[in-house]
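For ligands, and for the atoms within them, numbers begin at 1 and follow the listed sequence. These numbers come from the heavy atoms of this one structure, side chains and all, not from hydrogens, waters or symmetry mates. Here, residue 1 is the first one in the sequence, and each next residue gets the next number.
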Amino acid sequence: MNTNKPRIVVLGAGYAGMMTTKRLTQKLNPEEAEIVLVNKHNYHYQTTWLHEVAAGTINTNQARVMISDVINPDRVRLVYDSVVKVKKDEKRVELENGELEYDYLVVALGFETNTFGIKGMKENAFFIQDVDSCRHINEHIEYQFAKYNNEENAEDHSLNILVGGGGFTGIEFVGELAEKVPKLCRKYDIDPAKARIINVEAAPSIMPGFDEDLVDYARKSLQERGVEFREGAKISECKEDAFVINDEEEIKAGTIVWTGGVTGNSVLGESGFELTKGKVTVEDTLQAPGNENIFVLGDCAWVMNKEDGKPYPPNAQGAIQHATTCANNIKALLHGESLEPFVFDNKGVVASLGKSDAMGTVFSDKKLYGKTAASMKKVVDNRYILMLGGPKLFLKKGKIRPF
Ligand SMILES: Cc1cc2nc3c(=O)[nH]c(=O)nc-3n(C[C@H](O)[C@H](O)[C@H](O)COP(=O)(O)OP(=O)(O)OC[C@H]3O[C@@H](n4cnc5c(N)ncnc54)[C@H](O)[C@@H]3O)c2cc1C
């Protein structure tokens with residue numbers, strides 16, 4: 001490759017990084033810039049499907065896509081390595097196995113789980129973090145069921161699954177577990193009454209901030225399928241086999257998963273970016289303050305809504321939209337033109353409650369429930385796959401099967 005061209009380095013091949021790379025290849029001629037995409041693995045995964053990988057309700061491979069299948073390696077240099085830190089003063093990125101210089105940098109390294117310092121959580125709970133952590137959760141759950149009838153004094157609580165956090169991820173995860181656990185009981189000849197799925201949330205209600213009707217619907221639907229909720233229950237400690245609730249009560253389980261909080265990737269802090277709750281509050285152009293040539297996107301960024309002074313919710317649709325603004329603005333910088341502000345186009349949000357149930361809002365807060373919402377969720381998932389890899393990828397990885 002011609003090294004005299006300005007080099008754009010994109011860190012992270014999640015929603016924001018993949019789509020930024022894709023848009024850059026569409027907006028720039030190969031002579032205008034060299035594009036480098038750095039990612040830990042040689043695959044991209046659908047973060048929004050990780051709860052399904054963790055519950056084992058989809059095959060791991062459906063949730064991931066080889067990066068070179070959707071990004072042309074002749075056009076973009078693909079570097080499979082872990083980012084250690086950004087050396088802003090030197091315009092270099094330190095990787096585990098080398099260094100890279102950049103002229104323009106896009107930081108799209110996603111989230112990390114935040115345990116808020118809850119005693120024992122880091123040591124004893126599983127996290128829904130990436131493909132590897134979710135595969136591990138799935139295998140661990142299956143192992144608990146597989147060994148139950150083979151142990152002389154097997155304790156019933158080893159079949160329990162405790163999920164800390166009743167936010168979006170926690171609720172989507174228990175929805176998948178409500179499908180999976182009965183199947184595991186049948187597979188391993190276990191009385192379903194013995195296996196409990198318990199969701200624990202510190203706030204007075206699950207899904208804080210969500211519309212009350214939708215939350216009521218989700219709670220009722222999941223309870224009917226056997227999910228237990230402990231709302232207003234503060235986890236004071238996570239032991240190897242239990243949550244301690246409100247400093248007094250213990251709930252025991254063989255599997256404990258924490259979904260209660262996330263923060264921006266720790267590379268941001270290592271690199272000396274100014275952080276608010278673990279993320280960079282970016283300019284409306286998505287640039288890091290004081291760093292014209294660095295863009296921070298997706299779950300690494302707080303993008304402020306000027307109308308209410310609050311950040312837009314960090315989610316996949318936002319990350320995908322950041323990519324377009326970022327690619328336009330890098331092109332503008334290369335051409336000496338003025339940059340555009342990010343404008344969020346809120347298409348709504350739908351939470352799945354298993355394969356054939358969901359709830360959420362679309363366009364102008366129209367509420368959806370049940371199969372209609374579940375169909376909408378599939379439309380959203382498939383739309384992204386089509387954007388990323390066209391009909392070929394859709395046929396391979398799309399959610400095509402009916403309920
Ligand atoms: C279970 C779950 C369900 C969700 N459901 C929804 C939903 O229904 N709708 C919605 O809009 N949002 C949803 N979200 C939120 C959404 O997934 C995130 O907001 C979105 O993934 C953010 O995109 P991103 O590009 O910033 O990060 P990610 O998509 O997480 O990508 C980050 C990438 O960076 C890579 N990476 C990380 N660290 C390094 C490193 N040090 N070096 C190299 N590479 C690295 C990772 O491997 C990954 O490929 C959900 C999240 C979860 C966990």
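Contact check on K27 versus E32 returns no salt bridge, with no Lys/Arg side-chain nitrogen under 4.0 Å from an Asp/Glu carboxylate oxygen. Look at D213 and K367 and you find a salt bridge, because one of the NZ, NE, NH1 or NH2 atoms lies within 4.0 Å of a carboxylate O, short of that distance. Between K396 and D69 there is a salt bridge, since a side-chain N of the basic residue sits under 4.0 Å from a carboxylate O of the acidic one. Salt-bridge check for K399 with E52: passed, with a basic side-chain N closer than 4.0 Å to an acidic carboxylate O.
Counting only heavy atoms of the protein, atom 37 (C) of ligand 1 lies nearest to L109 O, 3.3 Å. For atom 6 (C) of ligand 1, the nearest non-hydrogen atom of the protein is T48 CG2, 3.3 Å. Looking from atom 44 (N) of ligand 1 to the surrounding protein, the closest heavy atom is K40 N, 3.2 Å. The protein heavy atom nearest to atom 11 (O) of ligand 1 is A316 N, 2.9 Å. Among all non-hydrogen protein atoms, the one lying nearest atom 33 (C) of ligand 1 is G14 N, 3.6 Å. With respect to atom 3 (C) of ligand 1, the closest heavy atom belonging to the protein is E172 OE1, 3.4 Å. Atom 21 (O) of ligand 1 has as its closest protein heavy atom Y15 CD1, 3.2 Å. For atom 40 (C) of ligand 1, the nearest non-hydrogen atom of the protein is V83 N, 3.6 Å.
Every atom of ligand 1 is numbered from 1 in the order shown, and the set under 4.0 Å from a heavy atom of P314 is 19 (O). For ligand 1 and G298, the ligand atoms under 4.0 Å from any heavy atom of the residue are 26 (O). Set against the non-hydrogen atoms of A13, the atoms of ligand 1 under 4.0 Å away are 33 (C), 49 (O). Close approach of ligand 1 to D299 (heavy-atom distance below 4.0 Å) involves ligand atoms 18 (C), 19 (O), 20 (C), 22 (C), 26 (O). Within ligand 1, the atoms closer than 4.0 Å to a non-hydrogen atom of A319 are 23 (O), numbered from 1 in the order shown. For ligand 1 and G12, the ligand atoms under 4.0 Å from any heavy atom of the residue are 34 (O). Within ligand 1, counting atoms from 1 as listed, the ones closer than 4.0 Å to a heavy atom of Q317 are 11 (O). Atoms of ligand 1 found under 4.0 Å from any heavy atom of A16 (numbered from 1 in listed order, with element): 25 (O).
Taking the six-membered ring where tryptophan is involved, the planes of Y43 and H41 are essentially parallel, since the angle between them stays under 30° and well short of 60°. Taking the six-membered ring where the residue is Trp, Y312 and F344 present tilted rings, their angle falling between 30° and 60°. Note on ring orientation: taking the six-membered ring where Trp is involved, the planes of F168 and F210 are tilted (angle from 30° to 60°). A perpendicular orientation is assigned to the rings of Y15 and H44, their planes being inclined by more than 60° (bins at 30° and 60°).
Every heavy atom of D130 sits 4.0 Å or more from the atoms of ligand 1. Taking a 4.0 Å cut-off on heavy atoms, Y45 registers as neighbouring ligand 1.
Counting heavy atoms only, T47 comes closest to atom 28 (P) of ligand 1 of the residues D81, T47, V38, V380.
Ligand 1 has no N or O atom lying under 3.5 Å from any N or O atom of T169, backbone or side chain. By the 3.5 Å distance cut-off applied to N or O atoms, V267 is not counted among the residues near ligand 1. Of the polar atoms of N265, at least one N or O is found under 3.5 Å from an N or O of ligand 1, judged by distance alone. Of the N or O atoms in G17, none lie within a sub-3.5 Å distance of an N or O in ligand 1.
Around CG of D89, the count of heavy atoms belonging to other residues, nucleotides or ligands within 6.0 Å does not exceed 12. Annotation for E240: atom CD does not count as buried by contact number, only 12 or fewer foreign heavy atoms lying within 6.0 Å.
Residue contacts with ligand 1 for F168 involve side-chain atoms from C-beta outward but no N, CA, C or O (heavy atoms, distance under 4.0 Å). With a 4.0 Å cut-off on non-hydrogen atoms, W49 does not touch ligand 1 at all. By the criterion of a heavy-atom distance under 4.0 Å, the side chain of K377, and not its backbone, is placed next to ligand 1.
Remark: the backbone N or O of E31 is not paired with any side-chain donor or acceptor of N29 at under 3.5 angstrom.
Note on residues 58-116: no pairs pass ring-ring contact (aromatic ring centres under 6.0 Å, His included), not counting sequence neighbours.
A distance of 6.0 Å or more separates the ring centres of Y188 and Y148.
In terms of heavy-atom proximity, C185 sits nearest to F145 at SG-CE2, 3.9 Å.
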Output a table of donor-acceptor pairs, distance under 3.5 Å, between side-chain atoms of residues 214-222 and any protein atom two or more places apart or on a different chain; print 'none' if there are none.
| residue | atom | partner | partner atom | Å |
| --- | --- | --- | --- | --- |
| D216 | OD1 | R219 | NH1 | 3.0 |
| Y217 | OH | D357 | OD1 | 2.7 |
| Y217 | OH | D357 | OD2 | 3.4 |
| Y217 | OH | G370 | N | 3.3 |
| R219 | NE | E231 | OE1 | 3.1 |
| R219 | NE | E231 | OE2 | 3.2 |
| R219 | NH2 | S205 | OG | 3.3 |
| R219 | NH2 | E231 | OE2 | 2.9 |
| K220 | NZ | E224 | OE2 | 3.2 |
| S221 | OG | R225 | NH2 | 2.8 |
| S221 | OG | D357 | OD2 | 2.5 |

